[in-house]
Q: 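Here you go, one structure.
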Amino acid sequence: MSSLRGSAAVSSEHGSGTVLMIAVVCVAVLGLIVVVMFTAVAQAGAKAGTAADLAALAAADAARLLLPGDPCAVAAEASLANDATLSGCSRQGPGGEIVKVRVEVAVAPVGWLPPLVRAHAVARAGPPPQPWLRD
């Protein structure tokens, strides 16, 4: 009689390893998706920061008349050259030589998927402060 009970217990657990492995694979795929998303966001943030820095430097050169053109237009061209979009530009300081820009970069987890969110970055560039000169 005890041999019948043992075989019934074994047959009721038949296929449980398959269910367990499906669960493990699903958790692994979910973890991979999370890692890919974090990587895409980090890459877009770095790209936005670089594009903002370069756009601000180019705009500051245009504000100081080292490059031809309007500083904000130059910043827009520089940000587009770095796969970013200029979302804000302002000039400050005496003569408007200090330029502050804001850029956006689309975040797509995989290149062929549509962008989900946008990464933003702000940069400021201009001549160095000169404390010995009084305004």
Side-chain angles (χ1 to χ4, degrees):
M1 193 96 154
S2 65
S3 65
L4 290 177
R5 288 183 185 170
S7 65
V10 169
S11 66
S12 69
E13 294 180 10
H14 185 68
S16 63
T18 302
V19 173
L20 179 64
M21 286 310 297
I22 289 173
V24 167
V25 168
C26 288
V27 168
V29 167
L30 182 64
L32 180 63
I33 290 171
V34 168
V35 167
V36 167
M37 287 299 297
F38 277 123
T39 303
V41 168
Q43 181 183 12
K47 183 186 256 187
T50 300
D53 289 342
L54 293 173
L57 288 171
D61 283 349
R64 295 178 67 199
L65 303 176
L66 299 174
L67 289 176
D70 177 58
C72 291
V74 170
E77 290 175 16
S79 62
L80 283 176
N82 289 289
D83 298 325
T85 305
L86 184 70
S87 61
C89 178
S90 64
R91 297 175 68 180
Q92 305 163 346
E97 293 179 343
I98 299 171
V99 181
K100 183 177 178 181
V101 298
R102 179 182 167 95
V103 300
E104 297 178 347
V105 173
V107 179
V110 182
W112 50 270
L113 286 175
L116 300 175
V117 294
R118 299 185 74 75
H120 303 275
V122 176
R124 179 184 166 278
Q130 298 172 350
W132 57 87
L133 296 178
R134 302 258 186 225
D135 289 333

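Values reported hereafter were calculated over all heavy atoms of this structure, with side chains retained and with hydrogens, waters and symmetry mates removed. Residues: numbered from 1 along the sequence shown.
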Q: To the nearest 0.5 Å, what is the distance between CG on Asp53 and OG on Ser79?
A: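 The OG atom of Ser79 is 12.5 Å from CG of Asp53, to the nearest 0.5 Å.
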Q: Check the surroundings of atom CZ in Arg124: do more than 12 heavy atoms from other residues, nucleotides or ligands lie under 6.0 Å from it?
A: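 Open.
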Q: Which heavy atom of Ala62 sits nearest to which heavy atom of Pro71, and what is that distance?
A: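 Nearest heavy atoms, Ala62 then Pro71: CB-CA, 3.8 Å.
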Q: To the nearest 0.5 Å, what is the distance between CD on Glu77 and CG on Asn82?
A: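 Reported to 0.5 Å precision, the distance equals 12.0 Å.
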Q: Decide if atom CD of Gln92 counts as having more than 12 heavy atoms of other residues, nucleotides or ligands within a radius under 6.0 Å.
A: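 Yes, enclosed.
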Q: Supply the atom-to-atom distance Glu97 CD to Asp61 CG, rounded to the nearest 0.5 angstrom.
A: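 Separation between the atoms: 11.0 Å.
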Q: Please answer: with hydrophobic residues joined when any side-chain heavy atoms are less than 4.5 Å apart, are Val99 and Leu86 in the same cluster?
A: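 Yes: a chain of side-chain contacts under 4.5 Å links Val99 to Leu86.
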Q: Are any of the side-chain heavy atoms of His120 and Val105 separated by less than 4.5 Å?
A: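 No. Closest side-chain heavy atoms not under 4.5 Å.
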Q: So, for Ala48 and Ala119, which heavy atoms are closest and what is the spacing to 0.1 Å?
A: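 In this case the closest contact between Ala48 and Ala119 is CB-O, 4.1 Å.
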Q: For Ala40 versus Ala108, what's the shortest heavy-atom pair and its separation?
A: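 Minimum heavy-atom separation between Ala40 and Ala108: CB-O, 3.6 Å.
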Q: To the nearest 0.5 Å, what is the distance between SG (Cys89) and CZ (Arg102)?
A: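 With rounding to 0.5 Å, SG (Cys89) is 13.0 Å from CZ (Arg102).
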Q: Do Asp83 and Lys47 have side chains that get closer than 4.5 Å, going by heavy atoms?
A: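 Of all side-chain heavy-atom pairs linking Lys47 with Asp83, at least one is under 4.5 Å.
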Q: What are the two closest heavy atoms between Ala125 and Ala56, and how far apart are they?
A: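 Minimum heavy-atom separation between Ala125 and Ala56: CB-O, 3.4 Å.
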Q: Any link between Ile33 and Val25 through a network of hydrophobic side chains (Ile, Leu, Val, Met, Phe, Trp, Tyr) touching at under 4.5 Å?
A: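 The answer is yes; both residues are in one hydrophobic cluster.
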Q: A side-chain contact here means heavy atoms from C-beta on lying under 4.5 Å apart; do Val122 and Lys100 qualify?
A: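 Heavy-atom side-chain distance check passes, below 4.5 Å.
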Q: If you define the side chain from C-beta out and look only at heavy atoms, does anything of Val101 sit under 4.5 Å from Ser90?
A: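 Side chain of Val101 against side chain of Ser90, heavy atoms only: no contact under 4.5 Å found.
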Q: Which value, rounded to the nearest 0.5 Å, describes the distance between Thr39 atom OG1 and Leu32 atom CG?
A: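 Answer rounded to 0.5 Å: 9.0 Å.
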Q: Mind checking whether Val107 and Gln43 have side chains closer than 4.5 Å, heavy atoms only?
A: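 Side chain of Val107 against side chain of Gln43, heavy atoms only: no contact under 4.5 Å found.
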Q: Can you name the nearest heavy-atom pair linking Ala52 to Ala123, along with the distance?
A: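 So the minimum-distance heavy-atom pair works out to O-CB, 3.3 Å.
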